[in-house]
Visitor: 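Before anything else, here's the structure in question.
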Amino acid sequence: MDVAMTSTTRTVCPACGEPVSGTDLYCENCGAELQSSAPATPALDTDTEPTIELHTGDPGAAAAVVPGPCRSCGGTVSADGYCETCGTKATKLRDHFTEQPAPWVAAVCDRGIRHSRNEDAVAIAADPEPGSRALLVVCDGVSSSLDSDVASLAAARAARDVLVAGQAQGMGTEASREAAVIARLNAAADAASDAVLANTSPDSPNPASCTFVATVLEAGLLVAGVVGDSRAYWFPDNAEAVALTVDDSWAAELIATGVPRHEAETGPQGHAITRWLGKDAPDHTPRTTTLRVAGPGWLMACSDGLWNYCSEAAPLADLVRQTAAANGGEPLATASALVDWANAQGGQDNITVALARL
Amino acid sequence: MAEFSATVYQNEFLPDGGTDVHAIVTVDCSGAGVAGQSGGGDVGEIIIVDTSGSMGADGVRAAAYAAQTAIDQILDGVWFAVISGNDRAQLAFPPSAEPVMVRMDPYTRQAAKDAVARFYADGGTAMGTWLRLAARVFATVPSLTQKHAILLTDGENQHESPEVLTETINAVTGQFQCDCRGVGVAWQVDEVRRIATALLGTVDIIPAPDQLAAEFQKLIRQAMSKGVATADLRVWAPQGAQVLFVRQVAPTVEDLTGRRTEVNALTGSYPTGSWGDESRDYHVAVRLAAKGIGQEQLAARVQLAIGDQVLAQGLVKALWSADEALTTRISPEVAHYTGQTELANAIQEGLAAKAVGDTATATTKLGRAVQLAAQTGNEEATSRLRKVVDIDDQDTGTVRLKRTVEKVDEMALDTASTKTTRVKK
């Protein structure tokens, strides 16, 4: 979750004293809820929100929304929305979902601990042949806007669908293949932006907005495109980690001027982004990076809910490699474990991890 | 058909590491109808009148008149009987050597009133024998689902040991409900309250015999307006949680915690007796294992059930938050009834201390009671306390015991101690 730099009112978080925007729903520093407006029952009960159908496996097939057993103890979930054994509130599908279109590609999207809504979204696709073709899209809803949870999911899926549709096989030279993929990433960002606008009420005071990161892997060609501060990385098993994206953020601009990363990212406005998708976005053309990759290694796209706790590429690579090793190299288990790890660090933001094993 | 609803009042926000969840659950009943009309079984009513020697000719005459007034209020078709009690119990009506009940009709009504007119004062007092006979009489009509008695006494339970009375109370608990009234000032509030509390009834003082008839009329009318024969409060708490207590807090304070019977491993059932169109408040406290900030779980399901059928449910929640503005808020309902419960205890403990001559404790406790009554806006309690103590400062609870106190005022304060005022919602 990020703060678009459009707000004018500035106050401080009542929990930690850090500056916050007047329209923020949560403090970007400590995750405290800012606009609880303190009714007897706070606006936490989002059960009445329209159900969002989630894709699993085959990107075209909608999974039925069936409340499963309790995620905490495996007990039966009552009609009142709580477990009949341990009382844990049943997780809404929007709050925690996974995708695994092929055994070698998987993603987990989770609400985290501090936030009452999951405004992160993920949509992925892959061909069955390991290492052949994978498409990862992560969008992170901006918390100062309305309906960002709906908009981010619509955006991620629209982008993924554009990427799935245009396969660039047999396009001649390497350069022309790359140009074709970049053009598709641009089209995917356009589609994502349109989806955000379609989920924004015309007279909304805080129009929905989100970040965008997408990676296209096709036959050794890897292209990543970014708007905002969601990230993509390539972690080869036997070489140094590669950050495929540079954040569109105030912190990134500070880092570019020589401010140490940790200082820039934890300072005031450390999470303020300078570009996003949405009605009030000045420009949403993704900035792209291209790489020739050969396995073995991990391709990862993630939201700041993960990298907040490990921002440097090298230690993040170590974390992913260790986590993968502990989970038998299985992508879904590894992504889940990374989400669990971020929650164990505090889970102050929504967390999304998408992985492809090459 | 009666309809029940349950409404929960609580602050669900717990601080980091917080474990105890308190909630007030208001249960409303509407459309209860009148006793015996729901088709769920028959209604039985027994009038138990003290005819011991201490009642005297005038007292017994007033009690007989009150019993006749009560008989007039019992609906046709209701099974009934009248017991006269002294150091042993007799079935005054129907006239029979063996326990028996009859249905109310014009003939039995007149016959019962005639029988009651023949009461005379004699013998001692052994209330346990009256209760045992009432239980045996009720047991003769297996179709009864709603069994209610009113018990009138005027004196101490002298002809029976406290142990025997306790045994009897335990033996008859759950078999019928009983509202108890003491006439005059020679009876023991604690003793009679034990009976009423166990038998899901009320206790009160009737200062003079000429007030008996009006009270009996009111009690029977109330009993006849209870269209729901019997209902239970059920409390579910999650695995590993501990139900700290379950209390009725309005209209009176009654601790239900010890009356739990198990429905299943996680759910306890607490008897609440019969219901008319009325509203009762319950205070439920549950201790949970603390969870992480931002996590939510259910602390309790509080249900109103008739038999196996759950008719209303309130959800008590727990939500751990780092926001002190949320976690430090105290539910006004919980605060109000916590104060009212402490008020009842302070009055009872203060009067008990006063009775054994412990002036210091009595002054402290009754001072605290004055303070709590003022804080919770219980003006009735304040005015009753005023008859027992001189109030120097009600905000600090500074009081002096009155030198001379009317016994009747002290007993009225005692019997009314559990009556609570509703919180303003």
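Chain naming here is simple, since letters A, B, ... match the order of the sequence lines and numbering starts at 1 in each. Just so you know, these numbers use all the heavy atoms, side chains as well, and skip hydrogens, waters and symmetry mates. If you're wondering where the values come from, they're calculated on a predicted model, not measured in any experiment.
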Visitor: Let me know if A:Cys73 has heavy atoms under 4.5 Å from chain B in its side chain, its backbone, both or neither.
Guide: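 Neither part.
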Visitor: As an exercise, state the distance from CG of B:Leu266 to CD of A:Glu84, rounded to the nearest 0.5 Å.
Guide: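 If I round to the nearest 0.5 Å, the distance is 9.5 Å.
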Visitor: After noting the C-alpha distance and the side-chain angles of B:Ile293 and A:Arg114, does the key distance pass the side-chain contact (heavy atoms from CB on, under 4.5 Å) rule?
Guide: CA-CA 7 Å; B:Ile293 296 288; A:Arg114 284 290 184 122; 3.5 Å; yes
Visitor: Could you tell me which portion of B:Trp236 (side chain, backbone, both or neither) has an atom closer than 4.5 angstrom to a non-hydrogen atom of chain A?
Guide: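 Only the side chain of B:Trp236 comes within 4.5 Å of chain A.
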Visitor: Restricting to non-hydrogen atoms, name the atom on A:Asp80 and the atom on B:Leu315 that form the minimum distance, rounded to 0.1 Å.
Guide: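 Shortest heavy-atom separation between A:Asp80 and B:Leu315 comes out as OD2-CD2, 3.7 Å.
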Visitor: Report the residues that fulfil side chain to side chain donor-acceptor pair (under 3.5 Å) with A:Asn118, sequence neighbours left out, ordered by chain and then residue number.
Guide: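 A:Asn118 satisfies side chain to side chain donor-acceptor pair (under 3.5 Å) with no other residue.
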Visitor: Going by residue number, which parts of residues 237-247 of chain B are within reach of chain A, meaning a heavy-atom gap below 4.5 Å?
Guide: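 The list, in residue order, reads B:Pro238, B:Gln239.
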Visitor: Just one of B:Gln297, B:Lys291, B:Glu296 clears the side chain to side chain donor-acceptor pair (under 3.5 Å) bar with A:Thr88, so which one?
Guide: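 Going through B:Gln297, B:Lys291, B:Glu296 one by one, the side chain to side chain donor-acceptor pair (under 3.5 Å) with A:Thr88 is satisfied by B:Lys291 alone.
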Visitor: Do you know which of B:Gln295, B:Glu324, B:Arg301 has the most heavy-atom pairs under 4.5 Å to chain A?
Guide: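 If we count pairs closer than 4.5 Å to chain A, B:Arg301 comes out on top.
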Visitor: Please say whether more than 12 non-hydrogen atoms of neighbouring residues, nucleotides or ligands are located less than 6.0 Å from CG in B:Asn264.
Guide: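 Above 12, so yes.
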